[in-house]
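What follows is a set of notes on a single structure, which appears directly below.
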Amino acid sequence: MSEPLTPLDDLLGLLDLERIERDIFRGTTAGQVLVPRVFGGQVAAQALVAAGRTVPADRPAHSLHSYFLRPGDPDVPIVYTVDRIRDGRSFTTRRVVAVQHGHPIFHLSASFQTYEEGLEHQEPMPPAPDPLTLPTPAELLSRYAGRLGGQEVVDRILEARGAVDLRYADAPPFASVGEPREPTSQVWFRTNGKLADDPLLHICLATYVSDMTLLDSVLLAHGRGGWAVGDVVGASLDHAMWFHRPFRADEWLLYDQESPTAQGGRGLAKGRIFTADGKLAVSVIQEGVVRVPRS
């Protein structure tokens, strides 16, 4: 008798795209809990999977730059078309367009590089508590069930994020509504289960998680609780990542985030992802729509 599928199995299934043609792939979708569109991190991760499957395995991704063009429909598959822009001696470049209902919903450019030795330095890892001393997602969300719309909503959020163990190092936006504070946030995360030894898979899982909390720092600066509380509306506009050093997404990673500015209905957020032993693994920048609902 086979073991039941875990939430991580379901997520890995979303990332296991169907190859339709040499450079055309199709992915299934999972709906969002609080908004009627596909989670942006899922689209970005799937697009990177599509790009990576057209690149030799010895060239890991070192950067991606992307734009969210239209909301994704959670009820239909997404088709990913890959353009092989360049295959150089050291670098490979791919462009991916995600399409639904005949329209592009997402655009990604990704670059891959063969390994080479070079100069090295990095920012130090900031202080952070041990992740095992922090509340689990279930413990934290259940404390604020009333603010989030009830335990049923909490259960749906936990189900949607069940593939990832994500722990806030300090109070999240929904815990401090009406209390503006420094626009900085930290979370620890890892997958709820072991992953295969495939560098592209770990990069794609980090890409998936990177869109979950990055705009939190924008909300904290204004004492807003976020999408679940309903005191702001918004969506990701663009998303860029640089992958500096090898890491495993099934081991604890610290996601250190801050917002340098918000204006014009948009907020900018920056993030750094460190391994538990202090290596700077990933840098992230995102701008998103962040609007106060009209009364």
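For S109 and R95, the side-chain atoms include no donor-acceptor pair closer than 3.5 Å. Inspection of the Q286 and H239 side chains reveals an N or O donor paired with an N or O acceptor under 3.5 Å. Defined by atom type and a distance below 3.5 Å, a donor-acceptor pair is present between the side-chain atoms of T213 and Q257. Between the side chains of E117 and Y115, at least one donor-acceptor pair of N or O atoms lies under 3.5 Å.
Looking at H62 and M241, their side chains never come closer than 4.5 Å, going by heavy atoms from C-beta outward. The shortest distance between side-chain heavy atoms of P126 and Q186 falls below 4.5 Å. L14 has its side chain within reach of Q42: a pair of non-hydrogen atoms, C-beta onward, lies under 4.5 Å apart. The closest side-chain heavy-atom distance from H65 to L108 is not below 4.5 Å. In this structure the side chain of I20 never reaches within 4.5 angstrom of the side chain of F25, judged on heavy atoms. Looking only at side-chain heavy atoms (C-beta outward), S185 and L220 come within less than 4.5 Å of each other. Side-chain atoms of P173 and R224, non-hydrogen and from C-beta on, never get closer than 4.5 Å to each other. Considering only heavy atoms from C-beta on, L15 comes within 4.5 Å of L205 through its side chain.
Sequence neighbours left out, the pairs with a member in residues 261-277 that pass side-chain hydrogen bond (donor to acceptor under 3.5 Å, both in side chains) are E123-R272, D256-R272, T261-Q263, R266-E287, T275-D277, D277-K279. Here ring-ring contact (aromatic ring centres under 6.0 Å, His included) pairs that include residues 116-175, with residues two or more places apart or in two chains, are Y144-F174.
In this structure, OG1 in T207 is found 12.0 Å from CD in Q46, a value given to the nearest 0.5 Å. In this structure, H103 NE2 and R70 CZ are separated by 5.5 Å, a value rounded to the nearest 0.5 Å. Considering CD1 of I85 and OG of S111, their distance stands at 11.5 Å, rounded to 0.5 Å. Taken to the nearest 0.5 Å, the OG atom of S236 stands 4.5 Å off from the CZ atom of F68. Atom CZ of F247 sits about 5.5 Å away from atom CD1 of I203, to the nearest 0.5 Å. Taken from CD in E251 to CG in L195, the straight-line distance is 10.0 Å, to the nearest 0.5 Å.
The hydrophobic clustering, which links ILVMFWY residues whose side-chain heavy atoms are closer than 4.5 Å, places F106 and Y67 apart. Under a hydrophobic clustering in which Ile, Leu, Val, Met, Phe, Trp and Tyr are joined whenever their side-chain heavy atoms come within less than 4.5 Å, directly or via other members, F189 and L8 fall into the same cluster. Criterion: ILVMFWY side-chain heavy atoms under 4.5 Å apart, direct or through other members. Under it, V43 and I24 are not part of a common hydrophobic cluster. At a threshold of 4.5 Å between side-chain heavy atoms, the hydrophobic network of Ile, Leu, Val, Met, Phe, Trp and Tyr places M212 and I273 in one connected group. Linking Ile, Leu, Val, Met, Phe, Trp and Tyr whenever their side-chain heavy atoms come within less than 4.5 Å leaves L48 and V79 in two separate clusters.
Panel note: side chain Q151, backbone A145; no donor-acceptor pair is recorded below 3.5 Å. Looking at T191, its side chain does come within 3.5 Å of a backbone N or O of G193 through a donor-acceptor pair. Listed for the T92 side chain is no donor-acceptor partner under 3.5 Å among the backbone atoms of D87. Under the 3.5 Å distance criterion, the side-chain polar atoms of D9 are matched with a main-chain donor or acceptor of T6.
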side-chain hydrogen bond (donor to acceptor under 3.5 Å, both in side chains) between D58 and T114, worked out
CA-CA 6 Å; D58 63 351; T114 56; over 6 Å; no
Let me see the working for D130 and T133 under side-chain hydrogen bond (donor to acceptor under 3.5 Å, both in side chains), right down to the final yes or no.
CA-CA 6 Å; D130 185 327; T133 66; 5.2 Å; no
Step-by-step side-chain hydrogen bond (donor to acceptor under 3.5 Å, both in side chains) determination, S66 to H107:
CA-CA 5 Å; S66 61; H107 175 278; over 6 Å; no
Kindly determine whether S176 and R181 satisfy side-chain hydrogen bond (donor to acceptor under 3.5 Å, both in side chains), including the steps that lead there.
CA-CA 9 Å; S176 54; R181 66 179 209 252; 2.9 Å; yes
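Minimum heavy-atom separation, R19 to E21: CG-O, 3.2 Å. Across A249 and H202, no two heavy atoms sit closer than the pair N-ND1, 2.9 Å. Across every non-hydrogen atom of A269 and S217, the tightest pair is CB-OG, 3.8 Å. Taking each heavy atom of A47 and V96 in turn, the nearest pair found is O-CG2, 3.7 Å. Pairing each heavy atom of R37 with each of A235, the nearest pair is NH2-CB, 3.6 Å. Of all heavy-atom pairs spanning A196 and R248, the tightest one is O-NH2, 4.2 Å.
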May I have the list of side-chain donor-acceptor pairs in residues 158-166 shorter than 3.5 Å, sequence neighbours left out?
{"from": "D165", "atom 1": "OD1", "to": "R167", "atom 2": "NE", "distance (Å)": "3.0"}
{"from": "D165", "atom 1": "OD2", "to": "R167", "atom 2": "NE", "distance (Å)": "3.4"}
{"from": "D165", "atom 1": "OD2", "to": "R167", "atom 2": "NH2", "distance (Å)": "3.1"}

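A salt bridge links K194 with D250: at least one charged nitrogen is closer than 4.0 Å to a carboxylate oxygen. R94 and D23 are not joined by a salt bridge, as no carboxylate oxygen comes within less than 4.0 angstrom of a charged side-chain nitrogen.
Think of V76 as one node in a network of Ile, Leu, Val, Met, Phe, Trp and Tyr side chains linked at under 4.5 Å; it has no links at all. L132 belongs to a hydrophobic cluster whose other members, connected by ILVMFWY side-chain contacts under 4.5 Å either directly or through intermediates, are M125, L134, W188, W252, L254, F274, L280.
No more than 12 heavy atoms of other residues, nucleotides or ligands sit less than 6.0 Å from atom CD of E152.
In this structure Y80 satisfies the ring pair (Phe, Tyr, Trp, His ring centres under 6.0 Å) test with no other residue, sequence neighbours excluded.
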